[in-house]
Amino acid sequence: MSLTQITFYEEKNFQGRSYECMSDCSDMSSYMSRCQSCRVESGCFMLYERNNYMGQQFFMRRGEYNDMNRMQSMGMMFDNIRSCRMIPFHTGQFRMKIYERENFGGQSNELMDDCDNIQERYRMSDCQSCNVMDGHWLMYEQPQYRGRMMYMRPGEYRSFREMMSGQRFMSMRRITDMC
C-alpha cells in the first residue's frame, strides 16, 4: 500500500516553496504563507480555509491541482488553505443516522449508501444532526451533491447550526475512494 501524501505549493503550477504532508495538519501557516497549487500523490484529504479544520472544506483525491483559484468553478470558494485532514480508507459497511432536528430530534432515517436528495427519498425537509456509526461521509448543503460540503467521521454531531453557522444538508455521499 502506498503512503498517503499531499504536497502544497505557494505558487501556481507547483512553483515556490512547498510543504509535504502525510497526515493531519491543523495550521500550515508556519510552513507557507499561501497555497496556490497542490499535488495529491496518494490518499484522500479534506482541505480547510482556516486553521484547526474550520471554514469551508474541499475534498481532494489523487491528482494535480495547478491553480487553486480556478477551482472556484468546482465549488471551492477560497484561494488559501490553512489546514488539511487525511481521510483514512474505510473497508466494511457504511452507516449513518440522520435527524431532521438538532440533538437527534424529529424524523430520523438510517443510511447505508449515498443519498442524492433527502427530501425526495425520505420526505425530510431538513437535516440538522446525525450519528455516523461506520465509514467516512461527505454531506452537501444542496441536493445532487452540490454546494458547500462537510466531512463527517464516525461520531455524534448534535447541531449543524452551531458547527457551520446555520448550514443544513440535503445530500450525503460515502467516501469510498482509495484515491
query = If you measure from the Lys or Arg side-chain nitrogens to the Asp or Glu carboxylate oxygens, is any gap between Lys97 and Glu110 under 4.0 Å?
reply =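 The answer is no: the pair does not qualify as a salt bridge.
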message = Do the side chains of Glu49 and Arg82 get close enough for a salt bridge, i.e. N-O under 4.0 angstrom?
response =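 Not counted as a salt bridge, because no side-chain N and carboxylate O are separated by less than 4.0 Å.
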Nearest 0.5 angstrom please: [X] [atom1] to [Y] [atom2], how far?
X      : Y      : atom1 : atom2 : value
Glu162 : Ser129 : CD    : OG    : 11.0 Å
Met170 : Cys127 : CE    : SG    : 9.0 Å
Met46  : Met152 : CE    : CE    : 11.0 Å
Ile118 : Ser171 : CD1   : OG    : 8.5 Å
Arg173 : Asp114 : CZ    : CG    : 6.0 Å
Gln93  : Arg174 : CD    : CZ    : 11.5 Å

message = Could you walk me through whether Phe160 and Cys130 satisfy the side-chain contact (heavy atoms from CB on, under 4.5 Å) test, starting with their C-alpha distance in whole Å, then the side-chain angles of each, then the deciding distance to 0.1 Å, before giving a yes or no?
response = CA-CA 9 Å; Phe160 297 146; Cys130 77; 3.7 Å; yes
Please check if the side chain of [X] supplies one atom and the backbone of [Y] the other of a donor-acceptor pair under 3.5 Å.
X      : Y      : result
Ser37  : Phe14  : yes
Gln15  : Asn13  : yes
Arg62  : Glu41  : yes
Glu100 : Gln107 : yes
Ser18  : Phe8   : no
Asn103 : Gly105 : no
Asp24  : Met86  : yes
Ser108 : Tyr99  : no
Ser26  : Asn52  : no

ask   = Strictly under 6.0 Å, is that where the ring centroids of Tyr140 and Phe169 end up?
value =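 Between Phe169 and Tyr140, which both carry aromatic rings, the centre distance is not below 6.0 Å.
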Are the side chains of [Y] and [X] in contact, using a 4.5 Å heavy-atom criterion?
X      : Y      : value
Tyr9   : Thr7   : yes
Phe94  : Asp134 : no
Tyr48  : Arg85  : yes
Phe104 : Glu156 : yes
Phe45  : Val40  : yes
Tyr151 : Leu138 : yes
Met172 : Leu111 : yes
Met149 : Gln56  : no

request  = Give the intermediate values and the outcome of side-chain contact (heavy atoms from CB on, under 4.5 Å) for residues Arg153 and Val132.
outcome  = CA-CA 7 Å; Arg153 314 188 278 190; Val132 177; over 6 Å; no
Can [X] and [Y] be counted as having a side-chain donor-acceptor contact under 3.5 angstrom?
X      : Y      : answer
Ser33  : Glu10  : yes
Tyr31  : Arg17  : no
Gln128 : Asp126 : yes

key: Closest heavy-atom pair and its distance - Pro154, His136   =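 Taking every non-hydrogen atom into account, CD-CE1, 3.9 Å.
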task = Check Cys21 against Cys84 and note the closest heavy-atom contact, atom names and distance.
result =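 Minimum heavy-atom separation between Cys21 and Cys84: SG-SG, 3.6 Å.
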key: hydrophobic_cluster_shared for Met150 and Met133, side chain cutoff 4.5 Å   =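 As far as the 4.5 Å side-chain criterion goes, Met150 and Met133 are not connected within one cluster.
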query = Is there a side-chain contact (heavy atoms from CB on, under 4.5 Å) between Leu47 and Phe59 once you walk through the steps?
reply = CA-CA 7 Å; Leu47 306 185; Phe59 177 70; over 6 Å; no
query = Hey, mind stepping through Gln57 and Arg148 against side-chain contact (heavy atoms from CB on, under 4.5 Å) and telling me if it holds?
reply = CA-CA 7 Å; Gln57 305 178 23; Arg148 290 186 300 174; over 6 Å; no
inquiry  = Can you confirm whether Arg121 is buried at CZ, in the sense that more than 12 heavy atoms of other residues, nucleotides or ligands lie under 6.0 Å from that atom?
reply    =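 For Arg121, atom CZ is crowded (more than 12 foreign heavy atoms under 6.0 Å).
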